[in-house]
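These values consider heavy atoms only, across backbone and side chains, with no hydrogens, waters or symmetry-generated copies. Just so you know, residue 1 is the first one in the sequence shown, and it goes up from there.
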Amino acid sequence: MSEEKVNKEEMESSAVLGEELDIKVTHKYDDSDIQVLDGLEAVRKRPGMYIASTSSKGLHHLVWEIVDNGIDEAMAGFATTVTVHVDKDNIVTVTDDGRGMPTGTNEKTGKSTIETIFTVLHAGGKFGGGAYKVSGGLHGVGASVVNALSEWMEVTVFNNGEECFIRFENGGHPVAPLKVVGKCSPDKHGTTVKFKADPTIFTETTIYDHETLRDRLRQLAFLNKGIRLVFDDDRQEEEKKKHYEFMFEGGLREYVKFLNKNKTSLLETVIYSEGHESGIQVEIACQYNDGYNPNVYTFCNNINTVEGGTHEEGFRMALNRIINRYARKNGFLKEKDDNLTSDDCKEGITAVISVKHPDPQYEGQTKTKLGNSEVRKIVSDIFGTQLERFLMENPDQAKIIMEKVILASQARMAAKKARESTRRKNSLEISSLPGKLTDCSSKDASICEIYIVEGDSAGGSAKNGRDSHFQAILPLRGKILNVEKARQHRVFENAEIRSMITAFGCGVLDEVDTSKLRYNKIVIMTDADVDGSHIRILLLTFFYRYLRPIIEQGHVYIAQPPLYKLQKGSTVRYAYTEQMATRIREELGDRISVQRYKGLGEMDAEQLWETTMDPKNRTLIRVTIDDAERADEYFNIMMGEEVEPRKNFIVENAGYANLDI
Ligand code: TSJ
């Protein structure tokens, strides 16, 4: 085998260096090597057991796995900066200026500690010297998994005036043992890991998404105040290369300001609290804006706990307790008044809650719910004390908060009435279905689909073109209400929204029960123009705010009508993208007729069925909420009052056909 040959040669040359350095380099393959390589082979055989997936998400996971180690070094106080660099072949380099990974020998394996860390599964913590590891609690699968899934990987450590180096190929096989390859200034220290994801594993894509990397690195900088995170994306031409440096001394304070940047804040200051107890660190920041929806983001060990958990409960308890106490003490609530609810207290709040826990327990469907029960009280105590102090010390700002939450409570009572009237007494009672709905005949929700269609004319084509057995049509007239700008009772008064709620049959807000959903697929079908995309965003905003579980559970889709019909003689082809149109043009040659569809209305019923609704031919885009923050930012930009950010967004995302929220 050629690999072994390389190894022997390298070993000889490094043996000399090894003597000088007291690094054990005598090296023979034995049973333990075979076991090690079996371990990495297992990762390659079943990557899904170790990383989220081998899709784009899993690909990015590799970066986070490595970055987490640099952040740990910085959090431990030994590094100031972590740099992520992506070059034009999508090779990633992560560097920190920490102590440098230990370059000595591991007693058990007889190999260098570094080779051991990169080739033995779950070797990270055990060999790392017991640093307090807070980041990466959820994935934390270790550098060896990244190595196993890389075409090649290189590790360079600078320490004690020396540069040590090791390279792995073909999914984790060391080309040679760790060796000293050069000298460096005695002041220089740090770790650099460079790798190329293996395209035979990541078959879908090995191209990193610029925004995904940038947004997460920014988020990590917010979550770990004082650490500098640098991002260099060199995949563009020289003048378009992108360079970012994120460093936030204010931590979550600045995160909340960032999240609120397209909103109108009610208070000038961000309420901020920080503390620790029993080895658990707590940091919370929040600010009220003039909107009606709460945006509460929670993290444990830098991981977004999407399903919330005990830290979120502790925050909610404290907010509720302190606001009610203050409201009563200061006459905003009278004795006869009911307490403000937790929803009242959260109206228009943007909050970020971050805890760092040495032994986190995750629960929930997607294991993103913090379960440690002691966290509830710790968060509640720390935040409660500091919120109360804020209110006492800032009576003017306290008054603004009081007026906001009391108005919210009055609106809630009005909304309750409106909402009760939309609730269907019995979800099977056909008579109560909205008049505009053309329902399907099947009552088996698992096969049923509902098409939300823009305008009556497209609605007509859809009605005639559909398969009435399992496809229902709900046409909407004109623009639907922007729920981002309306209080609940207005939302529940809106006719289009009412008909969707009744047609879906699954309830709204905290009462959503997807087992009652009458359709497995909810398909938004709008024109491929600016108006159509606006309606689509309005619908998604409504789903996001009022029916979030239907997005989370993957019930919402976007139909993709074709952009062109290309015809040559009796051959008819449809193109859904510009690229596809070019390709088909080339295939069909000259003398073809091309029709550009400006709207759904231009297609007759049969064409609409064939191109957009027939499960055999159609393409549906499933809407996901991967990152609530980005979705929220998206909605704010598209819906907010500020024109400039919206313009920029539209320019940056000109191909809006592929909406990704
Ligand atoms: F593991 C890795 F490849 F993923 C990786 C590790 C990647 C990157 C970018 C950085 C690191 C890393 C590890 N940076 N710094 C360290 N530090 C240690 O491993 C280390 C050094 C010294 C001591 C000590 O006790 O002296 C302890 C540790 C954990």
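- Considering only residues two or more places apart in sequence or on other chains, Thr192 meets the side chain to side chain donor-acceptor pair (under 3.5 Å) condition with Thr95.
- With a 6.0 Å cutoff to the six-membered ring centre and a 45° limit on the axis angle, Arg622 does not count as a cation-pi contact of Tyr557.
- The ring pair (Phe, Tyr, Trp, His ring centres under 6.0 Å) test applied to His85 returns no partner, not counting sequence neighbours.
- Here the straight-line distance linking atom CG of Asp96 with atom CD1 of Ile66 works out to 11.0 Å at 0.5 Å rounding.
- Asp97 and Thr80 are linked by a side-chain donor-acceptor pair at a separation below 3.5 angstrom, with hydrogens and angles left out of the test.
- Panel note: side chain Glu283, backbone Leu252; a donor-acceptor pair is recorded below 3.5 Å.
- Side-chain atoms of Asn293 and Glu484 include a donor-acceptor pair closer than 3.5 Å.
- Annotation: side chain to side chain donor-acceptor pair (under 3.5 Å) contacts of Gln386 (sequence neighbours excluded): none.
- In this structure Phe543 satisfies the ring pair (Phe, Tyr, Trp, His ring centres under 6.0 Å) test together with Phe504, sequence neighbours excluded.
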Side chain to side chain donor-acceptor pair (under 3.5 Å) between Asn147 and Ser150, worked out: CA-CA 5 Å; Asn147 192 20; Ser150 295; 5.4 Å; no
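- Thr298 and Thr305 share a side-chain donor-acceptor pair at under 3.5 Å.
- Screening residues 291-320 for salt bridge (charged side-chain N to carboxylate O under 4.0 Å, His left out), with sequence neighbours left out, gives Glu312-Arg316, Glu313-Arg376.
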Side chain to side chain donor-acceptor pair (under 3.5 Å) assessment of Thr83 paired with Arg228: CA-CA 8 Å; Thr83 301; Arg228 181 184 310 279; over 6 Å; no
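- Between atom CG of residue Leu229 and atom CE of residue Met247 there is a gap of 10.0 Å, rounded to the nearest 0.5 Å.
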CA sep, side-chain torsions, deciding dist, call: Thr109, Thr116, side chain to side chain donor-acceptor pair (under 3.5 Å): CA-CA 7 Å; Thr109 63; Thr116 309; 2.9 Å; yes
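- Contact detail for Pro358 and Ile280: the closest heavy-atom pair is CD-CG1, 4.4 Å.
- Between Lys196 and Asp89, none of the side-chain N atoms (NZ, or NE/NH1/NH2) sits under 4.0 Å from a carboxylate O, so this pair counts as no salt bridge.
- Taking the charged nitrogens against the carboxylate oxygens, Lys225 and Glu249 have no contact shorter than 4.0 Å, which rules out a salt bridge.
- Residues Ser273 and Phe383 form a side-chain contact, since some pair of their non-hydrogen atoms from C-beta on lies under 4.5 Å apart.
- Proximity of Leu517 to Ile522: side-chain heavy atoms (C-beta onward) are separated by under 4.5 Å at one or more points.
- Under the side chain to side chain contact (heavy atoms under 4.5 Å, CB included) criterion, Phe470 pairs with Ile447, Glu449, Asp467, Pro615, not counting sequence neighbours.
- For Glu363, there are no side chain to side chain donor-acceptor pair (under 3.5 Å) partners two or more places apart in sequence or in a different chain.
- Ring geometry, His60 versus Tyr208: the interplanar angle exceeds 60°, so the pair is classed perpendicular (tilted spans 30 to 60°).
- Contacts classified as salt bridge (charged side-chain N to carboxylate O under 4.0 Å, His left out) and involving residues 39-56 (residues at least two apart or in different chains) are given here: Arg44-Asp198.
- The distance from atom CG of Asn289 to atom CG of Asn262, rounded to the nearest 0.5 Å, is 11.0 Å.
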Derivation of the side chain to side chain donor-acceptor pair (under 3.5 Å) call for Asn224 and Lys356: CA-CA 10 Å; Asn224 300 285; Lys356 306 249 166 94; 3.0 Å; yes
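- Judged as a salt bridge (charged side-chain N to carboxylate O under 4.0 Å, His left out), and not counting sequence neighbours, Asp232 has no contacts.
- Annotation for Lys369: atom NZ does not count as buried by contact number, only 12 or fewer foreign heavy atoms lying within 6.0 Å.
- Looking only at distances, no side-chain donor or acceptor of Gln219 sits under 3.5 Å from a matching main-chain atom of Asp215.
- Nearest approach of Leu509 to Arg545, heavy atoms of both residues: CD2-O, 3.5 Å.
- Considering OG of Ser342 and CG of Asn320, their distance stands at 5.0 Å, rounded to 0.5 Å.
- By the 4.5 Å heavy-atom criterion applied to side chains, Leu387 and Leu319 are counted as neighbours.
- A donor atom on one side chain and an acceptor atom on the other are not found under 3.5 Å apart for Gln560 and Thr619.
- Checked by atom type and distance alone, the side chain of Asn372 never pairs as donor or acceptor with a backbone atom of Val375 at under 3.5 Å.
- By the 4.5 Å heavy-atom criterion applied to side chains, Tyr546 and Val491 are counted as neighbours.
- For the residue pair Gln287 / Asn260, a side-chain donor-acceptor distance below 3.5 Å is found, with atom types taken as modelled.
- Scanning for side chain to side chain contact (heavy atoms under 4.5 Å, CB included) contacts around Tyr244 gives His210, Arg214, Phe231, Lys242, Phe246, with sequence neighbours left out.
- Of the inter-residue distances, the one linking Leu223 atom CG with Ser354 atom OG reads 5.0 Å to the nearest 0.5 angstrom.
- Taking the side chain as every heavy atom from C-beta outward, Asn90 and Arg235 approach each other to under 4.5 Å.
- Two residues are said to be in side-chain contact when any heavy atoms from C-beta on lie closer than 4.5 Å; Val157 and Ile114 meet this criterion.
- Residues meeting the side chain to side chain donor-acceptor pair (under 3.5 Å) test with Glu552, sequence neighbours left out: none.
- Aromatic rings of His173 and Phe168 (six-membered ring for Trp) have centroids beyond the 6.0 Å cut-off, not under it.
- With sequence neighbours left out, Ala445 forms a side chain to side chain contact (heavy atoms under 4.5 Å, CB included) with no residue at all.
- Contact check for Thr81 versus Ile227: no side-chain heavy atoms found under the 4.5 Å cut-off.
- Taking the centre and axis of the six-membered ring of Tyr255, the NZ or CZ atom of Arg253 falls outside the cone set by 45° and 6.0 Å.
- Shown here for Val256 and Ala285, the closest heavy-atom pair between the two residues is CG2-O, 3.4 Å.
- Taking the centre and axis of the six-membered ring of Tyr362, the NZ or CZ atom of Lys367 falls outside the cone set by 45° and 6.0 Å.
- Atoms CG and CH2, on Asn170 and Trp152 in that order, are 12.5 Å from each other to the nearest 0.5 Å.
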